[in-house]
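The structure displayed is predicted, hence computed values, not measured ones. Residue indices begin at 1 and follow the sequence shown. First listed ligand is number 1; within each ligand, the first listed atom is number 1.
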Amino acid sequence: LLSPRYYSGKNVLITGATGFMGKVLVEKLLRSCPNVRSLYVLVRPKAGQSMQERVKDMMKCKLFDRVREDDPDFYQKIVPISSELTQPGLAISPQDAQKLASCINVVFHCAATIRFDEPLKHALQLNVIATQQLLTLALQMPNLEAFIHVSTAYANCNRRQIDEVIYPPPVEPKKLIDSLEWMDDSIVRDITPRLIGDRPNTYTYTKALAECVVQQASSKINIGIIRPSIVGASWQEPFPGWIDNFNGPSGVFIAAGKGILRTMRANNDAVADLIPVDVVINLTLAAGWYTAVQKPKTALVYNCTTGGINPFHWGEIEHHVMSTFKRNPLEQAFRRPNANITSNYLINQYWILVSHKFPALIYDLFLRLSGQKPQMMRIFNRLHKAIGLLEYFSSQEWEWNSENVTMLMGQLSPEDRKNFNFDVRQLNWPEYIENYCIGTKKYVLNEDMSDIPAARQHLRKLRNIRYTFNTVLLVFIWRVFIARSQMARNIWYFVVSLCFKFLSYFRASSTLTN
Ligand SMILES: CCCCCCCCCCCCCCCC(=O)SCCNC(=O)CCNC(=O)[C@H](O)C(C)(C)COP(=O)(O)OP(=O)(O)OC[C@H]1O[C@@H](n2cnc3c(N)ncnc32)[C@H](O)[C@@H]1OP(=O)(O)O
Ligand SMILES: NC(=O)C1=CN([C@@H]2O[C@H](COP(=O)(O)OP(=O)(O)OC[C@H]3O[C@@H](n4cnc5c(N)ncnc54)[C@H](OP(=O)(O)O)[C@@H]3O)[C@@H](O)[C@H]2O)C=CC1
C-alpha cells in the first residue's frame, strides 16, 4: 500500500490543525496511517485556553471517535508546538524550531484566514507572509520530502477557465508587503478595492499571492498545491455529514433550515462546486506521497473540484436542503423552512422586504411589547452581510481543469484508491446533501435527533400562527374596504347571500334524502 506505507515512521508538520480541514487531516492520518511517527501541530493559545488545553479539547471531539476506538493512546503521537503565525519567526521558540528542522519529513500548510471581510494587512500577514516564513523554516529541514500547500480553487476566480497552473500574481508579493508595511490601516482600507481589482475579497487575492510565494521556493523544495472549491461536510469518513462550522454553505443551510433565510441571490442553473472535506483530505495525503516519491520538477497544482466531473446545481441544492429540513426540522425554527434562490436582483429585494424585514419587524415589536430586547432585525442584518459576501460565488460558475487529480488517481493502487478515495464520480448528491444538513443539525447546532417530533410540532404551531395571521389580515383589509367603498359592500352582500343560498340548498337536499 503506497500511502500508509509511505507515512510509516514519518514526522509530519501541520499548520491549521485546529481548523475544520486540519482536524480531518489529523484524524485521517492517525486512522489510516497508524504507523506515522509523530504529528507536530502548530497551535496558538486562544480565548483563555493554553495551546495544550486546545489540543486536548480537539482530541475529545466526536470526529476522533473511530481513532480512539482503534487506539486509545493515539494522542501520544500529537506534539503541540506553540506558534502564532502572524509573529516574526512564527513565534516558534529556538528549541522547537531546531527540533522541527531536524526531524520533519512532510509539511501540510492548512492555516489561513478564510474570512471574506478580513482587512488586507491581516490577510496578507497570515496568508502570504506566514507562508513565506514557513517556507524559510522548511528550507532548514534536511529531511523534508514534501511541502503541501492548501490554496483555494477561487484564488484565480477572476478567470472563467482555471487550469492546474500557477498564474502570474496580481502584484509581486514582496513589493506589496514592502509598500503596505509603512501605510497605516486607514490608507490600506482606502486602496484595498483598487488593489484587489476584479477579485471579490482580500481572501482570494492573498491566496493567489501565496501560491506565487510557494512557487518561488519550488526549485529548492518538493511542493504540491491543493486547490479545493467550496469545502463541505464529510461524505464518508470518518462518518457521513461531519461538519463543525458556519462557513460557506453550512451557515446558509442552517439559516434556511431555521426559517430565517427565505431568499438569496444565486443562479439556479449554475454549478455548485461543493467538495466533501474527506475527499480534499484524501487527495492531500495522496499528493503528499506523490510529491515526496516522484519529486515532480515543478510544483504540481491539483484543482480539487466536482463541477467538471459530477456537476450539481444551486437549484438542486436548494430543493434537497429544503426537503431534508422539512423531514428533519431544526429545533425552535423562526418560521417554516421555505427558502428560494433567484438570480434576479429586484425579486430578491422584494422577498427580503416581505419575507425577511417585515417578519423581523413584527417579531421585534412583539418582543418589545412583552418586555424583551428586540433582536431579530440585528440577526437579519448580520445574515444579509454574510450572504452578501457569498453571492459572488453562488451567482456564477467556473470551469476547472483537473488533469493532475485524474493522473494522481491513476497512480494509486486499487486498495489505496479505496482507502484514500477522492473519486467524486461516485458521489450521490441527494444523499450527500441530506447527510450534510443532518450533520449541521447534529454537530454544529448539537441538536438531538430524538427531538425531531417536538420540532415538527413546533412547525405545525408556526403553520397555525401563519394561517391565523393571514385570516386576521384578510378580514381586517376587507373590513377597511367595506367601510370605504359601496362596490366592496355590494360584493360582500352578494358573496354572503350566495353562501347562504348554497347552505340552505344543501340542508334541503339532505332532509329530502333522509
Ligand atoms: C437553501 C439555499 C441554497 C443556496 C446556498 C448558497 C450557498 C453559497 C455558498 C457560497 C460559498 C462560497 C465559498 C467560497 C469558497 C471558499 O474559498 S472557502 C472560504 C469560505 N469562507 C467563508 O465562508 C467565510 C465567510 N465568513 C466570513 O467572512 C465572516 O464569518 C462573515 C460572514 C463576514 C461574518 O462575520 P461576523 O459578522 O464578524 O461574524 P463571525 O465573527 O464570523 O461570526 C459571528 C457569529 O455568527 C455565526 N456565523 C458565522 N457565519 C454565519 C453564517 N453564514 N450564517 C449564520 N451564522 C453565522 C458564527 O458562528 C458566530 O456565532 P457566535 O460565536 O457569535 O455565537
Ligand atoms: N473551508 C473552505 O471552504 C475552504 C478552505 N480552503 C483552504 O483550506 C485551508 C483550511 O481552511 P479551514 O480549515 O476551512 O479554515 P479554518 O478557519 O477552519 O482553520 C484555520 C486554521 O488556521 C489557524 N490559524 C489562523 N490564524 C492563525 C494564527 N495567527 N496563528 C496560528 N494559527 C492560525 C486556525 O487556528 P485557530 O484555531 O487558533 O484559529 C485554524 O487552525 C485554508 O488554507 C483555506 O484557505 C480552501 C478552499 C475552501
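- For the ligand labelled ligand 2, residue Thr113 lies outside the 4.0 Å heavy-atom shell.
- Comparing His122, Arg54, Lys46, Lys207 by heavy-atom distance to atom 39 (O) of ligand 2, the nearest is Lys46.
- With a 6.0 Å cutoff to the six-membered ring centre and a 45° limit on the axis angle, Arg159 counts as a cation-pi contact of Tyr167.
- In plain terms, the two heavy atoms of Asn303 and Ser402 that are nearest each other are O-CB, 3.6 Å.
- Closest of all the heavy-atom pairs between Met322 and Ala256 is CE-CB, 3.5 Å.
- Within ligand 2, the atoms closer than 4.0 Å to a non-hydrogen atom of Val150 are 7 (C), 8 (O), 9 (C), 43 (O), numbered from 1 in the order shown.
- Summarising the local packing, CD of Gln87 is surrounded by more than 12 heavy atoms from other residues, nucleotides or ligands at distances under 6.0 Å.
- In the vicinity of Ile114, heavy-atom distances shorter than 4.0 Å reach the ligand 2 atoms 14 (O), 15 (O), 17 (O), 44 (C), 45 (O).
- For ligand 2, the polar-atom distance check finds an N/O of Leu85 within less than 3.5 Å of one of the ligand's N/O atoms.
- Contact atoms of ligand 2 toward Ala112: 20 (C), 22 (O), 25 (C), 42 (C), 43 (O), 45 (O) (distance under 4.0 Å to a heavy atom of the residue).
- Atoms of ligand 2 found under 4.0 Å from any heavy atom of Thr152 (numbered from 1 in listed order, with element): 46 (C), 47 (C).
- The aromatic rings of Tyr436 and Phe253 stand perpendicular to each other, their planes meeting at an angle above 60°, with 30° marking the opposite boundary.
- When the heavy atoms of His109, Lys23, Arg44 are ranked by distance to atom 27 (C) of ligand 2, first place goes to Arg44.
- Using bins of under 30°, 30° to 60° and over 60° for the plane-to-plane angle, the ring pair Trp429/Tyr432 lands in the perpendicular bin.
- Side chain of Ser229 to main chain of Asp273: a donor-acceptor pair is present (N/O by atom type, distance under 3.5 Å, no hydrogens or angles).
- In Leu42, neither the side chain nor the backbone holds a heavy atom less than 4.0 Å from any atom of ligand 2.
- The heavy atom nearest to atom 16 (P) of ligand 2, out of those in Gly248, Gly19, Gly16, Ser151, is found in Gly19.
- Rounding to the nearest 0.5 Å gives a distance of 9.5 Å between NE2 of His384 and CD of Glu391.
- His356 places a side-chain N or O within donor-acceptor distance of the main-chain N or O of Arg262, the cut-off being under 3.5 Å.
- Polar contact with ligand 2: absent for Pro228 (N/O pair, distance under 3.5 Å).
- Considering backbone and side-chain N/O atoms, Phe20 comes within less than 3.5 Å of an N/O atom of ligand 2.
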*Given the rule in the salt bridge (charged side-chain N to carboxylate O under 4.0 Å, His left out) test, do Lys62 and Asp65 qualify, once you have shown the distances and angles that lead to the verdict?*
CA-CA 5 Å; Lys62 185 170 167 53; Asp65 280 1; 3.5 Å; yes

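- Between Met21 and ligand 2, a contact under 3.5 Å exists for at least one N or O pair.
- Residue contacts with ligand 2: Tyr203 is included, with a non-hydrogen atom under 4.0 Å away.
- Interface of Cys110 with ligand 2, defined as ligand atoms under 4.0 Å from a residue heavy atom, comprises 9 (C), 10 (C), 42 (C), 43 (O).
- For atom 47 (C) of ligand 2, the nearest non-hydrogen atom from the set Cys304, Ser83, Ser229 belongs to Ser229.
- Close approach of ligand 2 to Ala111 is summarised as follows: ligand atoms under 4.0 Å from at least one heavy atom of the residue are 22 (O), 23 (C).
- Residue Asn247 places no heavy atom under 4.0 Å from ligand 2.
- The side-chain tip of Lys23 does not point at the ring of Phe64 from less than 6.0 angstrom away and within 45° of straight on.
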